[in-house]
Peer 1: 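For reference, the structure I am asking about is given below.
Naming convention: chains lettered A, B, ... in sequence-line order (proteins, then strands); numbering from 1 in each chain. None of these values were measured; they are calculated from a predicted model.
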Number of protein chains: 2
Amino acid sequence: MALFEKRAELHTTQECSRQIMPVRDALEVLNGRWKLPILIALSFGAKRFKEISREIPGITDKMLSKELKMLEANQLIIRQVFDDFPPVVEYSITKHGESLGKVIEELRIWGLSHRKKIIGK
Amino acid sequence: MALFEKRAELHTTQECSRQIMPVRDALEVLNGRWKLPILIALSFGAKRFKEISREIPGITDKMLSKELKMLEANQLIIRQVFDDFPPVVEYSITKHGESLGKVIEELRIWGLSHRKKIIGK
DNA sequence: TGATTTGCTATCATATAGGATAGTACTATC
DNA sequence: GATAGTACTATCCTATATGATAGCAAATCA
């Protein structure tokens, strides 16, 4: 009957969106050209702005600044300011940031198999 | 350290890039607003162009067509044309496409914990 | 006859990501 | 006094993603 079908369909669509949302959230956190390299640079230990910049070829100050803010807003990294010399600001990974490790590793494994499949051999 | 397998020489820029590449590949495959909903729609069974379109609110023919092509190029889906009436074209998920399931599940799990951490509670 | 369906493609417009370049406050050093 | 280093911010520009709208071939339906 029409009403039943319609409701069932709605339920399915909503249920799907609800399932997809967290996946999108996770993808968004890693989205863009620089967030991954920044996280990885920091995974080796706390670093200053210029240190990160030097380790990531091609990144501009503007993008580094912007992405660091995003990562901090998502609580993946922490910013520490030392009232010193010329400014000293240190960034480091949080526990929450480290928890991304497993996801990144899964992405890497799948990416490798994909590369073999598509690009060949 | 935490984000990647620890190795002595892992610290070099080249080695890092090599490790990051497959992760970027995987992210790119899922990138954009529509690929995930399309894949999920097809994960319930083969569907025609218009069927997918009807199941995904807001998608335009242009974007659906474009994303289907990308997904097919990445061998995540297959396109089958039936020489019939008004055109009949059926899309379905490949084994390779199904292999994304594990990655998506990891993204979903992390996304849920992220949501709890950032938005809620 | 004219309208409708299907699986697209083409054209035009806008929003956003990202790059290039310059500048700033403050201090230390030459 | 001039220069350099640090951690940014501001401005301007381009490329890409996405959206809105229209059209099209061929057959079927009213």
Peer 1: Rounded to whole angstrom units, what separation is found between the CD1 atom of A:Ile38 and the P atom of D:dC8?
Peer 2: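 For the pair A:Ile38 CD1 and D:dC8 P, the rounded distance is 12 Å.
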
Peer 1: Would you indicate whether the side-chain heavy atoms of B:Ile40 and B:Ile104 approach each other to under 4.5 Å?
Peer 2: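 No; the side chains remain at least 4.5 Å from each other.
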
Peer 1: Please determine, for the side chain of B:Thr60, which listed nucleotide (D:dG19, C:dG18, D:dT18) has the closest atom?
Peer 2: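 Nucleotide nearest to B:Thr60's side chain: D:dG19.
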
Peer 1: Please give me every residue in residues 23-34 of chain A whose heavy atoms get under 4.0 Å of an atom in DNA chain D, ordered by residue number.
Peer 2: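 Those residues: none at all.
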
Peer 1: Quickly work out the A:Gln80 CD to D:dC8 P distance and round it to whole Å.
Peer 2: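 Nearest whole value for this atom pair: 13 Å.
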
Peer 1: Within the distance-only criterion (no hydrogens, no angle test), does the side chain of A:Arg79 pair as donor or acceptor with the backbone N or O of A:Lys69 below 3.5 angstrom?
Peer 2: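 No.
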
Peer 1: Answer yes or no: is there a donor N or O on one side and an acceptor on the other, between the side chain of A:Ser113 and the main chain of A:Trp110, under 3.5 Å?
Peer 2: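 The answer is yes, because a donor-acceptor pair under 3.5 Å joins these two groups.
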
Peer 1: Mind calculating the distance between CD1 (A:Ile52) and P (D:dT6) to the nearest angstrom?
Peer 2: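 Interatomic distance, CD1 of A:Ile52 to P of D:dT6: 13 Å.
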
Peer 1: Check B:Glu105 with B:Arg108, please: is the shortest side-chain N to carboxylate O separation under 4.0 Å?
Peer 2: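 The answer is yes: the pair qualifies as a salt bridge.
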
Peer 1: Between the protein and nucleotides 3-8 of chain C, are there any N/O to N/O pairs under 3.5 Å, and if so, what are the atom names and distances?
Peer 2:
unit_1	atom_1	unit_2	atom_2	d
C:dT6	O3'	B:Arg48	NH2	3.1
C:dT6	O3'	B:Pro87	O	2.8
C:dG7	OP1	B:Arg48	NE	2.9
C:dG7	OP1	B:Arg48	NH2	3.2
C:dG7	OP1	B:Pro87	O	3.4
C:dG7	OP1	B:Val89	N	3.3
C:dG7	OP2	B:Lys50	N	3.0
C:dC8	OP1	B:Arg79	NH1	2.5
C:dC8	OP2	B:Arg79	NH1	3.4
C:dC8	OP2	B:Tyr91	OH	2.6
C:dC8	N4	B:Asp61	OD2	2.8

Peer 1: Can you check the A:Phe82 CZ to C:dT27 P distance for me, whole Å?
Peer 2: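 A:Phe82 atom CZ is separated from C:dT27 atom P by 19 Å.
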
Peer 1: Check the pair A:Val29 / A:Asp25 against side-chain contact (heavy atoms from CB on, under 4.5 Å), numbers first and verdict last.
Peer 2: CA-CA 6 Å; A:Val29 153; A:Asp25 291 343; 5.9 Å; no

Peer 1: Would you call B:Glu67 and B:Pro37 a side-chain contact if the rule is heavy atoms closer than 4.5 Å?
Peer 2: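 No, their side chains stay 4.5 Å or more apart.
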
